[in-house]
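Quick notes on the structure that follows.
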Amino acid sequence: MNDIEKGLKETIIKALLKAYEIEISEDKVVIEIPKTKGQGDYSTNVAMQLAKVLHDKPSNIASNIIKEMDYEACSLEKCEIAGPGFINFTIANSTLASIIDVVLKEDTKYGSNTIGNGIKINVEYVSANPTGDLHLGHARGAAWGDSVTRLLKASGYDVCREFYVNDAGNQINKLAYSLEARYANIFNIKKELPEDGYHGEDVKLIAEEIAKEYKDKFINDDSEETLRFFRTYGIAKELEKLKKDLRHFRVDFDVWTSEQTLHDSGAVVKALETLKDLGVTYELDGAIWFKSTKYGDDKDRVLKKSDGSYTYLVPDIAYHINKFERGFSKLVNFWGADHHGYIPRMKAALQALGKEKDDLEVDIIQMVRLVDEGKEVKMSKRTGNAVTVRELCDEVGVDAARYFFVQRAVDTHFDFDLGLARKQSNDNPVYYAQYAHARICSVLKQTGEIPEATSYELLNDEKEIVLLKYINEFSSVVKDAAITRAPHKVCNYIQKLAALFHSFYGNCKVNDKEHLELSSQRIALLKATKITLRNALDLIGVEAIEKM
RNA sequence: GUCCACGUAGCUCAGCUGGAUAGAGCAUGCGCCUUCUAAGCGCACGGUCGAGCGUUCGAAUCGCCCCGUGGACACCA
């Protein structure tokens with residue numbers, strides 16, 4: 001919420017107090033920008049909302065509010081009742097324009113807010129197994145998760161970006177056996193990959209590295225020690241690759257937590273003991289079960305199998321306990337759609353441990369289909385395997401890839417249109433936004449002798465007012481997008497801001513030596529637009545290009 | 001079969017804590033570069049918001065019930 005909306009809210013609340021002697025909270029008063037022209041700059045539906053409580057007609061309430069409104073306090077120019085009981089407010093243009101100075105002063109900070117209040121929040125995303133390349137589902141999660149953390153930071157949260165490394169489960173043994181087989185193949189020794197092993201090109205490459213470095217040292221050596229070597233080496237290499245690809249995708253993490261360390265430190269054993277002590281487990285058929293149904297899960301879950309090994313759930317619980325022990329008061333996870341069934345049991349475990357249901361929130365990242373020329377692309381042409389993040393970036397660039405993934409709400413299936421992302425034309429929303437930024441930069445380079453603006457009273461053109469109003473909206477958008485963890489709202493904002501600028505540009509000449517005063521004011525407006533656009537793009541990790 | 005998500009213009013999607021005449025891009029058609037970047041702007045065309053019922057002064061938005069699509073339903077991770 002910006003200062004104008006805040007002022008309006010406060011004034012409305014005061015007016016209601018005077019007229020009806022009731023006190024209502026700020027969040028009950030909704031201020032919005034009307035879609036249609038001629039309905040003022042801002043409007044509220046508060047008169048209709050209160051009709052029941054006040055036992056009065058909306059139109060009466062509205063006119064009573066208007067009567068008591070302090071025009072001066074919120075720079076109000078005009079107030080009128082419209083439709084079924086809306087109150088439309090018209091604000092002085094000079095007040096709208098005062099945002100320019102705010103933006104110029106706050107610069108890179110413009111749009112940020114403090115609702116997070118320094119709360120320690122942990123956001124875990126991607127967490128891909130270190131057993132192969134990142135595919136498109138991971139890319140969506142990476143772009144989305146990273147953008148969410150940027151939004152949370154901009155909203156005053158103390159954010160920890162976390163990647164959970166599954167380096168202990170069965171899949172790692174599979175990786176080791178796969179490596180061992182590929183390694184043996186290099187020395188012309190026949191060895192089949194395990195049935196559900198990893199067939200990827202990356203495993204071959206790692207095997208080649210081992211062969212190069214250690215020659216035939218591990219040939220015909222099935223010892224436990226050798227297997228451990230393949231495990232450790234494989235994980236290290238795969239992880240190195242993941243980190244490199246993610247960094248290239250502009251996705252960084254503060255903490256990489258290894259599952260193995262949770263086993264080594266005894267945290268996993270302890271997690272099970274804790275649940276046992278709480279009396280939320282029982283034994284059946286030689287296995288230990290967790291009474292997750294007690295906390296809303298649809299069936300109970302096995303913790304320790306009858307063969308004595310743990311299910312994945314135990315280390316996962318240990319991991320989440322570990323997160324809370326590190327002092328976070330809120331955990332957010334982004335999981336792939338195929339994991340959505342695990343949410344109830346994870347939440348159940350945390351509730352058993354005394355946490356609130358919403359201390360952990362899990363958002364689901366829906367599937368991605370790659371589409372080109374209207375046809376689904378299932379495999380990479382180069383490798384024959386699933387298309388990787390690296391390949392996608394090579395094909396369309398990091399900016400387009402990130403923008404496309406963040407553009408759509410994550411809870412819907414998404415078709416990534418390769419042809420469109422590749423296009424360097426106006427069909428492509430990324431270029432549309434970047435072009436706006438570059439265009440502004442170009443105009444600002446040519447300002448010459450035009451002096452700095454001292455006021456903004458000449459900014460009265462329709463296009464200028466709409467642009468000013470929308471710049472005013474930015475911090476509300478950031479706040480809303482952060483709270484709802486919905487960076488696609490930032491994309492919507494970017495598209496509209498870019499459109500308003502382009503439209504302004506088509507109508508208003510900025511550098512005009514015949515009208516120096518107006519030019520200087522328009523230059524200030526452009527500077528503010530540029531900052532807002534750049535900050536918005538930064539929130540989704542897309543570069544604001546100076547020239548194109 | 002049970003559970004979850006989704007269904008909005010020819011296509012891809014916004015809008016969903018209920019609000020005014022449901023929005024954008026693409027596609028289609030027509031205009032605009034001797035003027036700061038035409039990767040742009042303007043105009044037009046395009047809708048039973050999957051169907052029905054309900055709650056409400058008011059429903060794309062909330063509830064119920066169908067239909068359709070996708071996903072999840074392991075002593076795998």
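Letters go in sequence order (proteins before strands), and every chain restarts at 1.
- In C65(B) the base sits anti relative to the sugar, since the glycosidic angle is further than 90° from 0.
- Between Asp415(A) and Arg369(A) there is a salt bridge, with a side-chain nitrogen of the basic residue lying less than 4.0 Å from a carboxylate oxygen of the acidic one.
- Base pairing in RNA chain B gives the following stems of 3 or more Watson-Crick or G-U pairs, range against range and under 3.5 Å: B:1-7 with B:67-73, B:10-13 with B:23-26, B:28-32 with B:40-44, B:52-54 with B:62-64.
- Taking atom P in both C3(B) and C64(B), the straight-line distance is 12 Å, to the nearest Å.
- Dashed line: the shortest gap from a side-chain N or O of His502(A) to OP1 or OP2 of G42(B) is not under 4.0 Å.
- Every residue was checked against the ring-ring contact (aromatic ring centres under 6.0 Å, His included) condition with Tyr310(A), not counting sequence neighbours, and none meets it.
- Ala337(A) comes within 4.0 angstrom of the backbone, heavy atoms only, and of no base.
- Nucleic acid contact class of Asp297(A) (heavy atoms, under 4.0 Å, all strands): none.
- Ser43(A) comes within contact range of at least one nucleobase, with a heavy-atom separation under 4.0 Å.
- Across the P atoms, A27(B) and G15(B) are found 23 Å apart, a figure rounded to whole Å.
- The pair Asp358(A)-Lys347(A) counts as a salt bridge, with a side-chain nitrogen and a carboxylate oxygen less than 4.0 angstrom apart.
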Atom pairs under 3.5 Å: protein N/O with N/O of nucleotides 1-4 of chain B:
none

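- Nucleotides C67(B) and A51(B) have their C1' atoms positioned 7 Å apart, rounded to a whole Å.
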